[in-house]
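Right, one structure below, let's go through it.
Position 1 is the first residue of the sequence; numbering continues from there.
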Amino acid sequence: MASEKEDFSLSGPLHLAIVDWTNAHHRRSVAASLVQGVYILERDRQLKRQGPQALASPWWEFFHFQLLRHLVDDVDSSIFAAIYEFKPPKSHYHNSLDESPRYVIAFRGTITKPESVSRDLELDLHILRNGLHETSRFEIAIQAVRNVVATVGESNVWLAGHSLGAAMALLAGKTMAKTGIFLQAFLFNSPFFSAPIERIKDERVKHGLRIASSVITAGLAFATKKSYHNNRSVDPFAALSAWIPFLFVNPGDHLCSEYIGYLEHRKKMDDIGIGAIERLATQNSLGGLLMSAMGRDSEPLHLIPSANLIVNLTPCQDFREAHGIHQWWRPDLDIKSKLYNYK
């Protein structure tokens with residue numbers, strides 16, 4: 001039986017009958033809905049819902065998108081992403097379409113159902129081990145992104161994802177940015193696995209722990225010859241700094257809330273005159289350094305130079321709500337936004 005959250009007519013952003021693409025709330029809501037469409041595509045497949053019983057299509061058709069194709073995992077045959085094309089009717093052309101995409105590649109997160117949970121949790125562990133880039137699902141994803149960009153151009157393509165899917169979109173965006181291709185990305189509740197420092201209420205204790213962590217990380221990075229040089233041409237973050245994804249987090253979601261402290265701490269370290277330590281620390285993770293020391297290829301996803309951080313300050317009842325995709329199209333969100341640009 002379908003849940004209420006799967007039914008667009010019950011849970012979707014029906015208030016967006018007309019989308020103003022210059023409005024950040026509208027863009028965020030559409031991107032989140034397209035991600036939800038991927039979740040429902042997979043649930044339709046699992047429950048064998050076809051024809052009028054299928055629930056996925058309203059999540060994109062309401063906003064005048066068409067499903068071009070979906071991406072299927074080669075291990076469990078689950079649908080993990082979808083490629084949409086924007087096809088607005090001529091009656092909408094009088095509205096501003098300047099900031100609309102032509103194509104959106106959206107990635108779902110973990111589905112805790114027997115048909116997909118084993119593979120999804122395996123990929124979650126790969127994120128924890130900084131090895132998502134070595135998985136076959138990511139290879140399928142990045143090839144699809146490259147093909148679409150090569151066909152229609154980077155300015156016409158958005159990436160979007162939630163949770164595990166946000167990690168996939170983030171990694172795809174970083175991979176493309178390293179080649180000078182900067183795709184607009186909407187990353188909802190992207191995982192940041194670390195000690196839960198952000199949950200500490202005492203700001204002095206929190207700041208002290210972050211400084212200690214930065215010093216330890218920078219020291220290990222230097223010891224393992226991952227030293228930072230002032231020459232910007234060898235700064236691995238400099239090449240990525242022009243890519244500024246939209247990063248949506250909720251303080252009540254411990255899986256993504258560390259992004260708040262990660263980005264703000266870098267600014268604070270600069271303010272107190274020890275930014276050089278943080279510049280080295282922010283490009284490395286303790287887990288990644290240990291993996292590298294053991295000769296393992298490591299790609300810590302959460303280490304990003306720049307981001308437009310959007311924090312949902314609306315009170316949530318529990319972790320499930322704070323981590324959910326549905327929060328991001330609520331019309332009454334209390335949001336704080338801040339741009340962090342690596343220099």
Q: Fit a plane to each ring of His25 and His15, take the angle between them on a 0 to 90° scale, and name the class: parallel (under 30°), tilted (30 to 60°) or perpendicular (over 60°).
A: parallel
**Q.** Euclidean distance, Leu41 CG relative to Phe80 CZ, rounded to 0.5 Å
**A.** 12.5 Å
Q) Out of His70, Gln46, Arg108, which one pairs with Ser78 under the side chain to side chain donor-acceptor pair (under 3.5 Å) rule? A) Arg108
Q) Does the distance from a Lys or Arg side-chain N to an Asp or Glu carboxylate O, for Lys87 and Glu85, drop under 4.0 Å? A) yes
(Q) My understanding is that only residues two or more places apart in sequence, or in another chain, count here; which of them pass side chain to side chain donor-acceptor pair (under 3.5 Å) with Ser9? (A) Asp7
Q. Under 3.5 Å, is there a donor-acceptor pair between the Ser116 and Glu42 side chains?
A. no
Q. Is it the case that Ser306 and Asn341 place a side-chain donor and acceptor less than 3.5 Å from each other?
A. yes
Q: Write down the atom of Tyr259, the atom of Ser190, and the distance for their closest heavy-atom approach.
A: CE1-O, 3.3 Å
Enumerate, atom names and distances included, each donor-acceptor pair closer than 3.5 Å involving a side-chain atom of residues 155-173, sequence neighbours excluded.
unit_1	atom_1	unit_2	atom_2	d
Asn156	ND2	Val152	O	2.6
His162	ND1	Tyr39	OH	2.7
His162	NE2	His323	O	2.6
Ser163	OG	His323	NE2	2.9

**Q.** Option passing salt bridge (charged side-chain N to carboxylate O under 4.0 Å, His left out) with Arg119 (candidates Asp76, Asp73, Asp124)
**A.** Asp73
Q: Check the pair Phe8, Ser11 against side chain to side chain contact (heavy atoms under 4.5 Å, CB included), reporting the backbone distance first and the verdict last.
A: CA-CA 5 Å; Phe8 183 86; Ser11 299; over 6 Å; no
Q | Side-chain ion pair, Arg330 and Glu321, N-O less than 4.0 Å | A | yes
Q.
Check this for me: does any side-chain nitrogen of one of Arg45 and Glu115 sit under 4.0 Å from a carboxylate oxygen of the other?
A. no
Q. Do the ring planes of Phe86 and Trp21 sit parallel (below 30°), tilted (30 to 60°) or perpendicular (above 60°)?
A. perpendicular
Q | Whether Trp59 and Trp329 hold their rings parallel, tilted or perpendicular, with breakpoints at 30° and 60° | A | tilted
**Q.** Presence of salt bridge, Arg137 and Glu122, under 4.0 angstrom
**A.** no
Q | From Asn312 atom CG to Leu333 atom CG, the distance as rounded to the nearest 0.5 Å | A | 5.0 Å
Q: Would you mind listing the cluster partners of Val117? Hydrophobic ones only (ILVMFWY), side-chain contacts under 4.5 Å, chaining allowed.
A: Leu121
